[in-house]
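Worksheet: one structure, shown below.
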Amino acid sequence: MELNERAELDTSQANDLGRGSGGSGGGMGIPIPGGGGRGGIIGIVVAVLVALLGGGFGLNAMTNGDEGGQAGGGDLEQVCSTANADRLDDARCRNLLFVNSIQDYWKKAYPELGRSDYEPTTTNFFQAAVNTGCGQADSGVGPFYCPADRKVYIDLSFYDELASRFGAKGEFAQPYVLAHEYGHHVQNLLGTNAKAGQGDQSGPRSASVRLELQADCYAGAWAKHATESKDKTGQEPLFTSITEADINEAVDAAEAIGDDSIQERSGGRVNPDQFTHGTSEQRKRWFNRGYDGGDPKTCDTFGTDQL
Ligand SMILES: [Zn+2]
């Protein structure tokens with residue numbers, strides 16, 4: 001993968017919340033839902049949508065994000081502007097570029113799903129913990145999309161974890177992860193996740209697994225068109241090249257975080273009743289389906305018996 005040094009990034013699509021925004025003294029002012037008997041509903045939404053890797057498996061070896069000279073809480077507008085010659089060495093700017101590409105893709109693809117305009121949303125980079133419209137979360141849950149505030153959240157040190165613990169070392173795992181989370185945003189706009197919230201939340205044919213495999217398929221559809229995506233000016237491509245090896249890195253990442261692989265890795269037996277995201281084979285296959293066709297309409301995981 002090569003990123004275009006000349007690309008102008010749309011910094012309105014990401015924020016760097018830095019560290020400490022999840023603490024009691026954070027003062028973020030985001031209301032945390034809950035109480036009044038809504039906990040069950042929130043619990044389900046969180047279980048379905050919060051974590052790329054499924055809630056509740058602790059990534060307790062998180063590094064604390066001070067690698068790569070990232071101060072945290074920085075002003076992305078400055079850091080990621082073309083005036084900063086080194087910006088693409090900064091993980092935040094690289095991930096912002098990925099987000100720009102994913103959303104530029106959906107701007108075109110979303111209307112093809114028979115809907116009106118795609119509504120872009122923001123990715124919040126955080127460290128350690130964060131307050132969200134879905135409640136407080138720490139890095140242990142992995143990257144997630146919160147349907148209540150319609151934002152993507154990621155502690156960028158997650159990628160180190162993905163490489164070291166799950167063996168998904170390739171950098172193209174990063175845009176795959178983000179494209180999966182934006183897949184959940186698309187599902188939120190379409191109302192797919194609201195419907196899925198009424199179905200089973202675990203098990204090999206559950207609504208949760210269907211939702212997650214569809215997000216993988218959407219990520220594949222983006223990957224197919226990623227080199228066509230343009231920067232803020234609409235003139236410059238964001239990627240100058242994406243190779244077959246890059247795509248394989250995304251596939252490897254999808255495979256590494258299948259429910260069965262995670263269960264095996266954590267030393268347990270494979271228990272399909274507890275599947276929430278799909279097996280390694282399924283995640284890889286649905287990503288590839290999206291990639292091969294390049295068409296999100298082929299991602300109908302709800303209308304098939306062949307998951
Ligand atoms: Zn997911």
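All ligand and atom numbering here is 1-based and tracks the order in the structure. These values consider heavy atoms only, across backbone and side chains, with no hydrogens, waters or symmetry-generated copies.
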Contacts of type salt bridge (Lys or Arg N to Asp or Glu O under 4.0 Å), residue K297, not counting sequence neighbours: D295

Geometry at the Zn ion (ligand 1) - H180 NE2 versus H184 NE2 angle, rounded to 10 degrees: 100°

Pair H185 + Y218: ring centers closer than 6.0 Å: no

Metal check, the Zn ion (ligand 1) vs E181 N/O/S, cut-off below 2.8 Å: no

Cut-off 3.5 Å, no hydrogens considered: what does the side-chain donor-acceptor table look like for residues 299-307, sequence neighbours left out?
from: D300; atom 1: OD1; to: F302; atom 2: N; distance (Å): 3.2
from: D300; atom 1: OD1; to: G303; atom 2: N; distance (Å): 3.0
from: T301; atom 1: OG1; to: R210; atom 2: O; distance (Å): 2.6
from: T304; atom 1: OG1; to: Q306; atom 2: N; distance (Å): 2.9

E212: its N/O/S atom lying closest to the Zn ion (ligand 1) (atom name): OE1

Presence of salt bridge, E112 and K108, under 4.0 angstrom: no

Metal site the Zn ion (ligand 1): N/O/S of H277 inside 2.8 Å: no

